[in-house]
Structure formats: C-alpha cells, structure tokens
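Just so we're clear, the structure is a prediction, and the values are computed from it rather than from any experiment. When a ligand or atom number is given, it counts from 1 through the structure's own listing order.
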Amino acid sequence: MKRSRTSKSWMNEHVNDNYVKQAHSDGYRSRAAYKLIEANQKFKLLSKNMIVVDLGSSPGSWSQAAGNIIGSQGKIFALDILEMQPIRNVTFIKGDFREELVLHTLENKLGDLKVDLVISDMAPNISGIKTKDQAGIIHLNELALDFSKNWMKPNGSLLVKSFVGGQYEDFIGEVRKAFNRVVTFKPKSSRDRSSEIFILGQKMKNVG
Ligand SMILES: C[S@@+](CC[C@H](N)C(=O)[O-])C[C@H]1O[C@@H](n2cnc3c(N)ncnc32)[C@H](O)[C@@H]1O
C-alpha cells in the first residue's frame, strides 16, 4: 500500500527526532521517558524505595525510568488497556482504568501499601472531535485524582497528563483542593504541536 503524505511526514519526524534516537540508545521503549525524567529533574518526584502507580503505562518507558530511580526495594504498579512487556519489579495490570473491576484489581494488588507517587500518561484515542477528546481526558484525570485521594500517603504527589480547554481549569481547581502545591508543566520533549500539558500536585493534603 502507498504511504499517505501525512504518514510519510510522521515517519520523517519520528526518525529525525533526537528524543527517539536518545530512547534507542538509552534502552527506553519510548521517547515519552524523557517527559518523566525532565519532570523528575525539575520537581524531584522520585526517590529510592518509593511505591509508584503508573496509569497508562504501555509500552513502559515511564515504568523503566521510574524503576531506575526507585531501585529494587521500590515497587511499581503499572496499568494499561494495552499489553506491556514485563519489566523487572513492575506489577502490570491489563485493563481499562475506567472500569470498576480493573480499579479493584489494582487495589487488591496494592493491599496494605499506600502510594508515594501516581503518574498518569493516559489519554483517550483522539477522535478529532475536540469537545469529546477533552471530556475523555478530563474523565481519566478525575479518576487518577480520585484514586490518589484514596491511596496516596500524606505528602504524596500526582503527575497527570491533560489537555487545555473544556473542564481543564475546573480540574486544576480540584487538584488544588487536594494538594498543597500545584504547577503545570510542558516538558521540552513534548512535541510542539501536541496540546498536552502535565499537572503536578505535590504534598497531598491530609483530608482525612
Ligand atoms: C502516551 S501512552 C503512555 C506512554 C507511557 N507513559 C510510556 O512511557 O511508555 C498512553 C497510554 O494510555 C493508555 N490508556 C488510554 N486510556 C486508558 C484507560 N482508560 N485505561 C488504561 N490505559 C489507558 C493507552 O493504551 C496508552 O498506552
């Protein structure tokens, strides 16, 4: 089949992208690793022995990057609709985070553990209908925030990918109610044409 101009230009951009090249040489499964690495350099999110929940984890570069920092005494619980090839010290759950049963599977795996850091790179499949895509990501953002409220240690942090627009400002308001420090962040490794933005809540308030 003949390649369309769009897929050719995507391929050109992909192979010429320095982060893609860097990911190959550093052994990361995706260039997305550098978004978390950059966030960590800037905000000191990760440290040894942490318990991390990675939502929307496949193909696995955030789990790889986080695992390198938290070490073998730390634990990562990763979840995605898509399959993920195993990574040492990472417990993977395959399923849709919007489903109650999938949430319960994650909760059962956590057992008595409380979480230091929740990272969510989840995004719905883009339909091109802006209001629908926006509502879809805010729904995922809210689920990640609800999960954090129930499972996070006091002083824990949430890093969540969102898109500006729609209910985005309302969602940030919700994050502010739950965390003492809230910032937004666009990593250098995030493509310019992408409207993604990361919201970071640090120091979970003790609401109990
Ligand atoms: C940008 S990718 C994540 C890349 C990942 N952070 C990495 O570094 O390899 C977004 C992921 O979110 C997942 N996703 C989207 N909606 C989801 C949902 N409702 N439940 C679980 N995973 C979801 C997708 O399947 C996709 O793998």
Side-chain angles (χ1 to χ4, degrees), residues 10 13-14 17 19-41 43 45-46 52-70 76-110 115 117-129 132-148 151 157-163 171 185-200:
W10 182 87
E13 182 188 58
H14 188 71
D17 182 317
Y19 288 106
V20 172
K21 291 179 189 161
Q22 186 75 35
H24 276 297
S25 72
D26 291 347
Y28 289 120
R29 295 175 182 182
S30 145
R31 71 192 291 295
Y34 301 103
K35 298 177 192 176
L36 181 64
I37 290 169
E38 209 182 313
N40 184 51
Q41 281 163 353
F43 303 109
L45 305 178
L46 290 153
V52 178
V53 169
D54 180 4
L55 301 171
S57 58
S58 294
S61 72
W62 279 22
S63 282
Q64 289 179 298
N68 288 344
I69 299 169
I70 66 172
I76 299 175
F77 296 84
L79 185 149
D80 204 292
I81 298 178
L82 302 177
E83 201 51 76
M84 185 170 97
Q85 292 308 309
I87 299 173
R88 200 191 308 166
N89 226 15
V90 176
T91 302
F92 178 66
I93 297 130
K94 184 169 183 281
D96 186 332
F97 192 58
R98 292 168 300 183
E99 291 173 9
E100 197 91 340
L101 198 66
V102 174
L103 170 65
H104 289 157
T105 309
L106 172 60
E107 291 178 329
N108 284 336
K109 298 262 183 208
L110 281 167
V115 178
L117 175 67
V118 175
I119 49 181
S120 170
D121 202 11
M122 287 187 290
N125 285 330
I126 300 300
S127 70
I129 305 165
K132 184 177 170 208
D133 296 335
Q134 186 64 31
I137 198 154
I138 294 293
H139 180 48
L140 293 170
N141 291 166
E142 282 168 348
L143 294 176
L145 177 59
D146 283 349
F147 173 80
S148 302
W151 285 90
S157 303
L158 165 69
L159 178 71
V160 66
K161 175 164 78 183
S162 193
F163 299 144
F171 176 69
F185 165 68
K186 173 98 176 160
K188 285 197 222 74
S189 47
S190 179
R191 290 189 162 112
D192 290 343
R193 62 177 156 74
S194 164
S195 63
E196 73 181 10
I197 185 146
F198 289 85
I199 302 164
L200 172 65

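Residue F97 has at least one heavy-atom neighbour below 4.0 Å for each of these atoms of ligand 1: 18 (C), 19 (N), 20 (N), 21 (C). Remark: ligand 1 atoms within the under-4.0 Å shell around heavy atoms of R98 are 19 (N). Which parts of ligand 1 touch G60 is read off a 4.0 Å heavy-atom cut-off, strictly below it: atoms 7 (C), 9 (O). Ligand-side atoms of ligand 1 in range of A32: 8 (O), range being under 4.0 angstrom from any heavy atom. Within the listing of ligand 1, atoms 19 (N) sit less than 4.0 angstrom from a heavy atom of L140. Short contacts between ligand 1 and S61, defined as distances under 4.0 Å to a heavy atom of the residue, involve ligand atoms 7 (C), 8 (O), 9 (O).
Looking from atom 24 (C) of ligand 1 to the surrounding protein, the closest heavy atom is D80 OD1, 3.4 Å. Of all protein heavy atoms, the one lying nearest to atom 15 (C) of ligand 1 is A123 O, 3.1 Å.
Between D121 and K35, none of the side-chain N atoms (NZ, or NE/NH1/NH2) sits under 4.0 Å from a carboxylate O, so this pair counts as no salt bridge.
One distance of note links CZ of F92 with CD1 of I76; it measures 13.0 Å at 0.5 Å rounding. In this structure, CD on Q134 lies 8.5 Å from CG on N141, to the nearest 0.5 angstrom. Note that CG of L55 and OG of S148 are 7.5 Å apart. Values are rounded to the nearest 0.5 Å. With values rounded to the nearest 0.5 angstrom, F147 atom CZ is found 9.0 Å from L79 atom CG.
When S30, A23, S58, A78 are checked for heavy-atom proximity to atom 2 (S) of ligand 1, S58 turns out nearest. Of the candidates D96, I81, L36, D54, it is I81 that places a heavy atom closest to atom 17 (C) of ligand 1.
Considering only heavy atoms from C-beta on, W151 stays 4.5 Å or farther from L106 through its side chain.
In this structure, F43 and F185 have perpendicular ring planes: the angle between them is above 60°, well past the 30° mark.
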